[in-house]
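Notes for the one structure printed next.
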Amino acid sequence: MNIVGLSRRIAVNKEAIRVIGSRGFAAGGGKSKKGPKGGAGDAPKTSTLSNELKSTTVYGANILKDGADPKILADSEYPDWLWHLLDKRPALSELRRKNIETLPFEDLKRFVKLDNRARIKENNAMKAKN
């Protein structure tokens, strides 16, 4: 009788573990509610701006409450430095290989800045080890 009672308790305990350990979900089922025709809410929205307006203004660049979006100007009306902002500049390793005396001022300034930054990082790493 002890074995039969023990086996019933094990069976009951396993069932209780399954019930307690199971994950419950919120009411409402697995499907989410979409548009009235079932999925119409996922359709991409088309812009109401005309193509002409898109090609002449920078849409969304206005930061002022009462301002208007800026117009796109001809390339000649922008300053020269603007076109060099995305040019690749030499890395520290490349600047170290060059002769410092022959570097242009901008590259020399960049070399000093990057070299100081590397030296500071090295000193901080040494202090962290000690």
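We number each residue from 1, following the sequence as shown.
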- Pair Thr57-Ile72, side-chain contact (heavy atoms from CB on, under 4.5 Å): steps then yes or no: CA-CA 5 Å; Thr57 60; Ile72 296 176; 5.7 Å; no
- Message: Once side chain to side chain donor-acceptor pair (under 3.5 Å) is applied, do any residues pair with Asp87, and if so which ones, sequence neighbours excluded?
- Response: His84
- List for me each residue that meets side chain to side chain donor-acceptor pair (under 3.5 Å) alongside Arg89, sequence neighbours excluded, and say none if there are none. none
- Message: Test of understanding: with salt bridge (Lys or Arg N to Asp or Glu O under 4.0 Å), list the residues that count as partners of Asp69, not counting sequence neighbours.
- Response: none
- Message: Applying salt bridge (Lys or Arg N to Asp or Glu O under 4.0 Å), can you list everything that pairs with Arg117, at least two apart in sequence or on another chain?
- Response: none
- Least distance between heavy atoms, Ala118 atom then Leu92 atom: CB-CD2, 3.9 Å
- Trp83 versus Asp75, closest heavy-atom pair with distance: CH2-OD1, 3.7 Å
- Task: Might you confirm whether atom CG of Asp80 has over 12 heavy atoms from other residues, nucleotides or ligands at distances under 6.0 Å?
- Result: no
What pairs with [X] under side-chain contact (heavy atoms from CB on, under 4.5 Å), at least two apart in sequence or on another chain?
{"X": "Leu86", "answer": "none"}
{"X": "Ala128", "answer": "none"}
{"X": "Leu85", "answer": "Trp81, Leu82"}

- Item | Connected-component partners of Ile63 among ILVMFWY, side-chain separation under 4.5 Å | Leu64
N/O donor to acceptor pairs below 3.5 angstrom from side-chain atoms of residues 97-114, sequence neighbours left out:
unit_1	atom_1	unit_2	atom_2	d
Arg97	NE	Ser93	O	3.3
Asn99	OD1	Glu101	N	3.3
Thr102	OG1	Asn99	O	3.0
Arg110	NE	Pro90	O	2.8
Arg110	NH2	Pro90	O	3.3

- Not counting sequence neighbours, list each pair that qualifies as a salt bridge (charged side-chain N to carboxylate O under 4.0 Å, His left out) and has a residue in residues 119-130. Asp115-Arg119
